[in-house]
Engineer: 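One structure follows; several queries about it will come next.
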Amino acid sequence: MKIVKIREDNCIFCHLCEVACIVEHSQSKDIIKAFKREEKPIARCSVEFNYPVSLSVMCRHCDDAPCVEACQNGSMHRDDRGYVVVDADTCVGCWMCIMACPYGVIKRDTRRESWGLSTKCDFCPDREIPACVEACPNEALTLEEI
Amino acid sequence: MKWMKNLKSYVPPSFVVERDDYRCIRCKACVEQCSFDATFYDDEEDRVWTWNANCVGCNRCAAICPTDAITVKRAEPSYRYNHNWNGHVDSLKKRAIYGGTPVVSMGNDKPYPIYWDNMLLNASQVTNPSIDPLREPMELKTFLGRKPDSIHVDDSGLKTRLTPQLELDIPIMFAAMSYGALSYNVIESLGRAAKEMGTYYNSGEGGLNKDHYKFKGNIIVQVASGRFGVHKDYLDVGSAIEIKIGQGAKPGIGGHLPGEKVSETISETRMMPKGSDAISPAPHHDVYSIEDLRQLIYALKESTEYKKPVAVKIACVHNVAAIASGIARAGADIIVLDGFKGGTGASPQVIRDNIGLPLEVSLAVVDERLRQEGIRQYVSLVASGGIRNSMDVVKAIALGADAVYIGTAALIAIGCTMCQQCHTGKCAWGISTQDPHLSKRVNPDMASKRLINLLEVWALEIKETMGAMGINSIESLKGNRLNLRGVGLNDKELEILGILPAGE
Ligand code: SF4
Ligand code: SF4
Ligand code: SF4
Ligand code: SF4
């Protein structure tokens, strides 16, 4: 299984991973339209900063995922590819997954109509290389086999 | 707006940053990346603005912007045109306003002649065959160091004892750029590329970080007037030792690393207090004559048991040929000629822009003088200062160089846009800075790959051109001025360069 490796030594705090994640999860998948015309999705990765350290964090797709354990109705589950994803239609927004995640990478999106509730990295199901990895200008995120 | 412009300190901005507000998605990547405080975001207005007066034209913002919303444009002040005063008005004003002489970086940017561009190379046609480098072997390997007057060979092999030589797989090395001037990651990248390509990088005068001792076998260590970071282990790590007498960008001037760049690790490496300016004196205080230089050369040879060639680097100045002859006689194995277009991390502008000689001319006269005196074999010549492409390398070798140094070209390969702000320590490309957050912008994995690509491509281009000339070894190109013809040069220039005019 492949995972996004975080190389904090190379992160330059440009936030382009977040931008790319937003575009990838938008309706149009067009950077200008996603930001200007749509109600835009939340980025699944977050860039943290504490000078001089910066790094982007997103779901680690843990083997023993505590969020999956914690989910009361199985919305948070492992998909065919082996990645931990949430079923937007069944998620009730109890936020137990958020409480359980040791990395703090699950976010709340209360815009039920458009986006479902619990929001997290879905490892870009429509792409071979995740959007954040492709967008990172300094190879601070790389796709690696584990 | 964060600031208000004030006439008291006003000089027109050199750049104007245009942002297509429709394309701008307010991601603020440009705001974070601009290390010169020229770009900022206004929350209330929800707009990204540029304070043009601070912009240095590094183009980092334009490069990072994911929507291509930014164009950085050069701004010409719209004073009434005056050919005589063009460009001088603002530089005069700056001195009058701030009361100091401007310090600049990179090489001389004034429109002096570029002789490389007035020289054309030859190619074989009909009467002699050209060579296809993809099908036939082509040798770029060269050795730097003193060569014997004659050699003796018998059945058991070479009988003559050779003095130590530097073996180069390609005739291109990375010029002296110190850890201090450049970030740790850049030195790491240069080291990795030098190792991979079978060539050398030069420590510059800042000493060596212990981590970089791993590049032993691919390092030339420098001993300059400040003697920063020079000790036994340092000399031992070097494959050769370079005494820096002068630098093309600032002949006659010592070095100056501003205190802001003297971080913890730099202070350790340089063996000096943190935060204090690192000042190298203009002369070596133990070298006031060729005899003194000889003493220093032999002191270094002695302390390294005559196992390493010693190079002497000088800036190209008016008497360069006579000086080089003296250096060759003083016992140097390699002479580095640094032309006036060579770069620097900090130099007074007046010095950078007005002192020195073109490398092309200096190389030609030095090679010629050493030949006339019958001592050319005593030294190898390394051409340095303003080598921009592989054809400059070929022309330099044809003019008499044994190898070249590249500095600026290597930095450009890893991102540098020559904004000339190296001395500020704020390099937005993470190259000439010690700020740990900025220096992350150079990823050694990516940067070393780019340097390797550059050297590989140049090597291929050099082979192609040599093949076209019907030459299959770099040794046969050395000093082969018959393969050069001058265009647009006067008789005296042709005579000094030792080349024929096109058509002859
Ligand atoms: S892998 Fe895809 S979904 Fe996950 S953080 Fe990266 S861009 Fe977002
Ligand atoms: S795109 Fe890469 S360098 Fe930029 S913030 Fe994200 S991880 Fe860091
Ligand atoms: S990043 Fe460079 S080019 Fe852009 S505004 Fe700042 S100084 Fe100017
Ligand atoms: S990087 Fe481009 S899109 Fe992002 S804030 Fe700057 S100008 Fe706007």
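All values reported here derive from a predicted model rather than from experimental measurement. Naming: A, B, ... by sequence-line order, numbering from 1 per chain.
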Engineer: Does any heavy atom of chain B fall under 4.5 Å from the side chain of Val53(A), the backbone, both, or neither of them?
Structural biologist: backbone
Engineer: What closest approach, in Å, do Asn10(A) and Asn443(B) show between heavy atoms, and which atom pair accounts for it?
Structural biologist: ND2-ND2, 3.1 Å
Engineer: What pair of heavy atoms forms the shortest contact from Tyr22(B) to Arg37(A), and how long is it?
Structural biologist: OH-NH2, 3.4 Å
Engineer: Does any backbone or side-chain atom of Ile31(A) lie under 4.5 Å from a heavy atom of chain B? Answer side chain, backbone, both or neither.
Structural biologist: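 The answer is both parts of Ile31(A).
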Engineer: Can you tell me how far the SG atom of Cys14(A) sits from the NZ atom of Lys28(B), to the nearest 0.5 Å?
Structural biologist: 13.5 Å
Engineer: Does any backbone or side-chain atom of Cys30(B) lie under 4.5 Å from a heavy atom of chain A? Answer side chain, backbone, both or neither.
Structural biologist: neither
Engineer: With only heavy atoms counted, which part of Tyr51(A) is less than 4.5 Å from chain B, the side chain, the backbone, both or neither?
Structural biologist: side chain
Engineer: Please report the interatomic distance CG(Asp445(B)) to OG1(Thr142(A)), rounded to the nearest 0.5 Å.
Structural biologist: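 One gets 9.5 Å once the value is rounded to the nearest 0.5 Å.
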Engineer: For atom CD of Glu144(A), is the number of surrounding heavy atoms from other residues, nucleotides or ligands below 6.0 Å larger than 12?
Structural biologist: yes
Engineer: With side chains defined as the heavy atoms from C-beta onward, is the minimum distance between Arg23(B) and Lys36(A) less than 4.5 Å?
Structural biologist: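 No; the side chains remain at least 4.5 Å from each other.
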Engineer: Among Ala29(B), Gly430(B), Pro436(B), who wins on heavy-atom pairs under 4.5 Å with chain A?
Structural biologist: Pro436(B)
Engineer: Look only at the side chain of Lys440(B) and the backbone of Ile12(A), and say whether a donor-acceptor pair between them is shorter than 3.5 Å.
Structural biologist: no
Engineer: Can you tell me if Lys29(A) has over 12 outside heavy atoms packed within less than 6.0 Å of its NZ?
Structural biologist: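 Yes.
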Engineer: Crowded around Asp46(B) CG? As in, over 12 foreign heavy atoms under 6.0 Å?
Structural biologist: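 Yes, the 6.0 Å shell around CG holds more than 12 heavy atoms from other groups.
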Engineer: Please check if the number of heavy atoms outside Met271(B) that lie under 6.0 Å from its CE is greater than 12.
Structural biologist: yes
Engineer: Can you establish whether the number of heavy atoms outside Glu128(A) located under 6.0 Å from its atom CD is more than 12?
Structural biologist: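 Check fails, neighbour count at 12 or below.
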Engineer: Which bit of Asn138(A) is near chain B, if near means a heavy-atom gap under 4.5 Å: side chain, backbone, both or neither?
Structural biologist: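 For Asn138(A), the contact with chain B is made by backbone and side chain together.
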Engineer: For Glu18(A), is it the side chain, the backbone, both or neither that has a heavy atom under 4.5 Å from a heavy atom of chain B?
Structural biologist: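 No part of Glu18(A) comes within 4.5 Å of chain B.
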Engineer: Is there a side-chain contact between Phe49(A) and His437(B) in this structure, where contact means two heavy atoms from C-beta onward sitting under 4.5 Å apart?
Structural biologist: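 Result yes, sub-4.5 Å side-chain heavy-atom pair found.
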Engineer: Looking at Lys214(B), I'd like to know if its NZ atom is crowded, meaning that more than 12 non-hydrogen atoms belonging to other residues, nucleotides or ligands lie closer than 6.0 Å.
Structural biologist: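 Above 12, so yes.
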Engineer: What is the minimum heavy-atom distance between Met446(B) and Pro137(A), and which atoms define it?
Structural biologist: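 Closest heavy-atom pair between Met446(B) and Pro137(A): CE-O, 3.4 Å.
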Engineer: Would you compute the distance between atom CG of Leu16(A) and atom CD1 of Ile64(B) and round it to the nearest 0.5 angstrom?
Structural biologist: 5.0 Å
